[in-house]
Number of protein chains: 2
Amino acid sequence: MTQKQEQLSKNQQIVLSIIEKAKGPLKAYSILYNVQKRGIKAPLQVYRALEKLIEIGKIHKIESKNAFIACKNSDCEISKATAFSICNNCEHVKEIKNTKLSKYLSNFEDNSGMKYKKYNLEFFGLCKDCKLKQ
Amino acid sequence: MTQKQEQLSKNQQIVLSIIEKAKGPLKAYSILYNVQKRGIKAPLQVYRALEKLIEIGKIHKIESKNAFIACKNSDCEISKATAFSICNNCEHVKEIKNTKLSKYLSNFEDNSGMKYKKYNLEFFGLCKDCKLKQ
DNA sequence: ATAACAAACGTTATATTATAACAAATTAAG
DNA sequence: CTTAATTTGTTATAATATAACGTTTGTTAT
């Protein structure tokens with residue numbers, strides 16, 4: 001009856017719920033500030049939860065922002081392949097769910113014939129709202 | 001006779017030459033350590049040079065590593081569109097120069113019809129050498 | 001040449017992001 | 001139960017990056 005560990009620990013649940021409620025990506029120390037009333041006192045407790053949540057694909061790190069966002073993409077295979085659009089003006093971040101793109105990148109071979117299972121792609125531009133306003 | 005500023009400043013030259021000589025991406029503080037004999041004493045002097053060099057496309061930042069690498073890709077238009085392969089084992093980083101890929105990504109439209117001029121893509125895997133050794 | 005402006009510099013201090021190290025508590029599985 | 005693995009709590013500190021200030025240098029137009 002070997003059962004995969006599916007249950008998140010208390011700290012992991014707390015951190016995940018904050019990130020899922022947020023409208024956009026959150027920084028680690030902003031998460032820390034938000035969870036101090038719930039008993040998490042130290043950065044490391046947050047970073048440990050983040051690490052685990054990334055590992056199991058519940059959240060992603062936006063590298064260019066050092067911020068963390070919930071995964072909205074049910075079929076991203078344990079977060080190995082991620083793509084985001086980032087607005088240069090309002091900083092809005094959206095995960096891109098596009099089968100053609102992910103297939104293209106997963107099958108991409110570089111000039112030496114090498115393939116890569118894991119990638120992270122960040123697009124930058126103006127989101128629709130910001131484009132209109134300018 | 002309006003002339004574009006092409007000449008790099010002293011600090012910019014120093015920082016660039018260190019990065020160009022390196023085999024792989026360098027961290028800011030490692031650059032700082034390397035240039036202290038040449039009169040650059042403070043982090044900010046390095047970061048300012050890095051910022052400028054990125055702006056003019058001479059170097060790129062590898063976001064997942066917080067490290068900086070010289071641009072080998074003469075036609076990457078002022079560093080707006082970058083792609084790298086990163087070895088998970090030996091940490092070797094290579095800029096990917098692939099016209100099909102860059103065209104594909106530059107022309108990519110997300111599900112809302114939005115296009116992006118700027119992107120950064122980081123592929124992760126095992127480089128050839130590391131693959132053989134395992 | 002020189003005034004006016006922009007870019008780069010030097011310096012100190014500090015903010016932000018992330019991990020090391022260690023012991024205790026909790027949880028899962030045999 | 002008990003062993004192993006994971007998670008926790010805690011303190012300290014490492015690594016990465018920017019703010020704010022005044023000065024110096026370089027460029028452009030007159």
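Protein chains get the first letters and strands the later ones, always in sequence-line order, with residue 1 at the start of each.
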May I ask you to verify if any side-chain N or O of B:K61 is less than 4.0 angstrom from the OP1 or OP2 atom of D:dT16?
no
Expressed in angstrom and rounded to an integer, what is the separation of B:L32 atom CG from D:dT18 atom C1'?
15 Å
When the distance from CD1 of B:I54 to C1' of D:dA17 is rounded to whole Å, what number comes out?
12 Å
Suppose we screen for side chain to side chain contact (heavy atoms under 4.5 Å, CB included). Which residues come up paired with B:K115, at least two apart in sequence or across chains?
B:N107, B:E109
Find the runs of at least 3 consecutive base pairs, i with j, i+1 with j-1 and so on, that include DNA chain D, using Watson-Crick or G-U wobble geometry with both distances under 3.5 Å.
C:1-30 with D:1-30
Quiz question: by atom type and distance under 3.5 Å, do the side chains of A:S64 and B:E63 form a donor-acceptor pair?
no
Nearest-Å distance for atom pair CD/P, residues A:E51 and C:dA20:
10 Å
Would you tabulate the nitrogen or oxygen pairs shorter than 3.5 Å linking the protein to nucleotides 8-12 of chain D?
| residue | atom | partner | partner atom | Å |
| --- | --- | --- | --- | --- |
| D:dT8 | OP1 | A:S9 | OG | 2.6 |
| D:dT8 | OP1 | A:N11 | N | 3.1 |
| D:dG9 | OP2 | A:N11 | ND2 | 2.9 |
| D:dG9 | OP2 | A:Q45 | NE2 | 2.4 |
| D:dG9 | O5' | A:Q45 | NE2 | 3.4 |
| D:dG9 | N7 | A:R48 | NH2 | 2.5 |
| D:dG9 | O6 | A:R48 | NH1 | 3.1 |
| D:dG9 | O6 | A:R48 | NH2 | 3.3 |

B:S30 meets the side-chain hydrogen bond (donor to acceptor under 3.5 Å, both in side chains) criterion, sequence neighbours left out, with none
Can you name the ring pair (Phe, Tyr, Trp, His ring centres under 6.0 Å) partners of B:Y29, sequence neighbours left out?
none
Residues forming a side-chain hydrogen bond (donor to acceptor under 3.5 Å, both in side chains) with B:K65, sequence neighbours excluded
B:E91
Among A:T82, A:L101, A:L121, whose side-chain contact (heavy atoms from CB on, under 4.5 Å) with A:I96 holds?
A:L101
Other ILVMFWY residues reachable from A:V93 by side-chain steps of under 4.5 Å:
A:I62, A:I69, A:F84, A:I86, A:F124
Could you check how far CG of B:L50 sits from P of D:dT16, rounded to whole Å?
12 Å
Sort me out a list of protein N/O and nucleotides 13-15 of chain D N/O pairs below 3.5 Å, or just none if empty.
none

Round to the nearest Å and state the distance from B:E63 atom CD to D:dA17 atom C1'.
13 Å
List the atom pairs, donor and acceptor, that lie under 3.5 Å between side-chain atoms in residues 17-25 of chain B and the rest of the protein, sequence neighbours left out.
| residue | atom | partner | partner atom | Å |
| --- | --- | --- | --- | --- |
| B:S17 | OG | B:I14 | O | 3.0 |
| B:S17 | OG | B:R38 | NH2 | 3.2 |

Is the phosphate of C:dT17, meaning OP1 or OP2, less than 4.0 Å from a side-chain N or O of B:N66?
no
What residues, two or more places apart in sequence or in another chain, satisfy side-chain hydrogen bond (donor to acceptor under 3.5 Å, both in side chains) together with B:D110?
B:S112, B:Y116
Between atom NZ in A:K52 and atom P in C:dT26, what is the gap in whole Å?
19 Å
Send over the distance from B:I31 CD1 to D:dT16 P, rounded to a whole Å.
11 Å
For A:Y33, enumerate each residue passing the side chain to side chain contact (heavy atoms under 4.5 Å, CB included) test, keeping only those at least two apart in sequence or located in another chain.
A:Q36
Which residues share a side-chain hydrogen bond (donor to acceptor under 3.5 Å, both in side chains) with A:N111, sequence neighbours left out:
B:N98
Would you kindly give the OH-to-P distance between B:Y47 and C:dT16, to the nearest whole Å?
15 Å
